[in-house]
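The structure appears below as structure tokens.
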Amino acid sequence: MSTAAQVVAVVIAVVLAVVWVMESFLYRHPRLYPLFLTKPADLDAVRLWTVNLGFYNLTTAIALLAGVVLVRNGHLDGGHALIVFTAAQHLFLSGVLLVVERRLWLNTLMEGIPALVLLILSI
């Protein structure tokens with residue numbers, strides 16, 4: 001696996017960790033309402049999905065980092081599989097996001113383009 005792919009995987013993992021914090025702990029902040037399409041009146045109702053999705057993003061970040069660590073330590077097949085699966089998963093989920101809520105088209109691009117780049121670099 002190329003160094004470029006590993007760097008992209010680590011960058012995506014860092015972004016996912018930031019998103020984890022935003023979704024799991026800061027989702028009530030007014031500056032994030034447009035990002036998540038939330039309203040103050042809905043915050044209690046959406047808590048379950050935002051926190052759950054946040055921790056999903058954390059575990060995905062961990063999987064990417066684990067993949068890079070595996071590759072760098074000679075376990076190429078396992079590390080490569082984790083990275084490719086995660087990239088493909090996020091590319092797919094970005095499409096799902098667009099189908100479910102077209103107003104989140106920018107979120108779709110922010111999730112899908114890095115995943116596509118990583119997938120291309122990893123194949």
Side-chain angles (χ1 to χ4, degrees):
M1 172 164 288
S2 72
T3 302
Q6 294 174 49
V7 169
V8 171
V10 169
V11 169
I12 292 171
V14 169
V15 169
L16 287 171
V18 170
V19 172
W20 161 63
V21 171
M22 291 183 341
E23 289 175 335
S24 296
F25 305 107
L26 303 176
Y27 70 96
R28 292 182 179 272
H29 195 285
R31 286 188 182 169
L32 296 178
Y33 295 169
L35 182 65
F36 301 134
L37 298 180
T38 53
K39 300 174 193 163
D42 298 332
L43 293 177
D44 288 335
V46 300
R47 180 179 180 274
L48 175 64
W49 70 261
T50 56
V51 173
N52 188 59
L53 188 59
F55 277 87
Y56 157 83
N57 281 318
L58 175 64
T59 59
T60 303
I62 292 168
L64 280 172
L65 293 175
V68 171
V69 168
L70 286 169
V71 165
R72 303 215 29 103
N73 286 290
H75 302 282
L76 301 178
D77 291 341
H80 187 252
L82 272 173
I83 292 169
V84 168
F85 172 79
T86 302
Q89 177 187 34
H90 268 270
L91 185 59
F92 173 76
L93 291 172
S94 70
V96 170
L97 183 62
L98 185 62
V99 168
V100 171
E101 183 52 73
R102 292 194 186 270
R103 293 179 295 167
L104 292 175
W105 64 270
L106 184 57
N107 302 50
T108 297
L109 293 177
M110 292 187 317
E111 181 176 2
I113 290 173
L116 179 61
V117 168
L118 179 56
L119 194 57
I120 289 169
L121 290 173
S122 298
I123 295 178

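- A 6.0 Å sphere centred on CZ of F25 holds more than 12 heavy atoms belonging to other residues, nucleotides or ligands.
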Which donor-acceptor pairs under 3.5 Å do the side chains of residues 53-60 make with protein atoms, sequence neighbours left out?
residue	atom	partner	partner atom	Å
Y56	OH	Q89	NE2	3.4
N57	ND2	E23	OE1	2.8
N57	ND2	L53	O	3.3
T59	OG1	F55	O	3.4
T59	OG1	Y56	O	2.8
T60	OG1	Y56	O	2.9

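- L16 and Y27 end up in the same hydrophobic cluster when Ile, Leu, Val, Met, Phe, Trp and Tyr side chains are linked at under 4.5 Å.
- By the neighbour-count criterion of 12 heavy atoms within 6.0 Å, atom CG of N73 is densely surrounded, having more than that number from other residues, nucleotides or ligands.
- L32 approaches T38 most closely through the heavy-atom pair O-OG1, 4.5 Å.
- Note that CG of L65 and CD1 of I83 are 9.0 Å apart. Values are rounded to the nearest 0.5 Å.
- Remark: W105 CH2 is loosely packed, at most 12 non-hydrogen atoms of other residues, nucleotides or ligands lying under 6.0 Å away.
- Looking at residues two or more places apart in sequence or on another chain, you find no salt bridge (Lys or Arg N to Asp or Glu O under 4.0 Å) involving R72.
- Rounding to the nearest 0.5 Å gives a distance of 11.0 Å between OG1 of T108 and CG of L91.
- When all heavy atoms are compared, the tightest approach of A63 to T86 is CB-OG1, 4.1 Å.
- For the pair V51 and R47, the minimum side-chain heavy-atom distance is below 4.5 Å.
- Considering CZ of R28 and OH of Y33, their distance stands at 8.0 Å, rounded to 0.5 Å.
- A distance of 12.0 Å separates NE2 of H75 from CG of L82, quoted to the nearest 0.5 Å.
- The hydrophobic cluster containing L43 also contains V19, counting ILVMFWY residues as joined when their side-chain heavy atoms lie under 4.5 angstrom apart, directly or transitively.
- Taking hydrophobic clusters as Ile, Leu, Val, Met, Phe, Trp and Tyr residues chained together by side-chain heavy-atom distances below 4.5 Å, V21 shares a cluster with V10.
- Heavy-atom contacts from other residues, nucleotides or ligands closer than 6.0 Å to CG of L48 number 12 or fewer.
- For V68 against A9, the heavy-atom pair with the smallest separation is CG2-CB, 3.7 Å.
- Neither V99 nor L106 shares a network with the other; the hydrophobic side chains, linked directly or stepwise wherever heavy atoms of I, L, V, M, F, W or Y lie under 4.5 Å apart, form separate groups for each.
- When hydrophobic clusters are built by joining Ile, Leu, Val, Met, Phe, Trp and Tyr residues whose side-chain heavy atoms come closer than 4.5 Å, directly or via intermediates, V15 is grouped together with M22.
- If you take CG on L26 and OG1 on T50, they are separated by 10.5 Å, rounding to the nearest 0.5 Å.
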Which pairs would a plain distance check flag for residues 109-123, meaning a side-chain donor or acceptor within less than 3.5 Å of a matching protein atom at least two apart in sequence or in another chain?
residue	atom	partner	partner atom	Å
E111	OE2	H90	ND1	2.7
S122	OG	L118	O	2.7

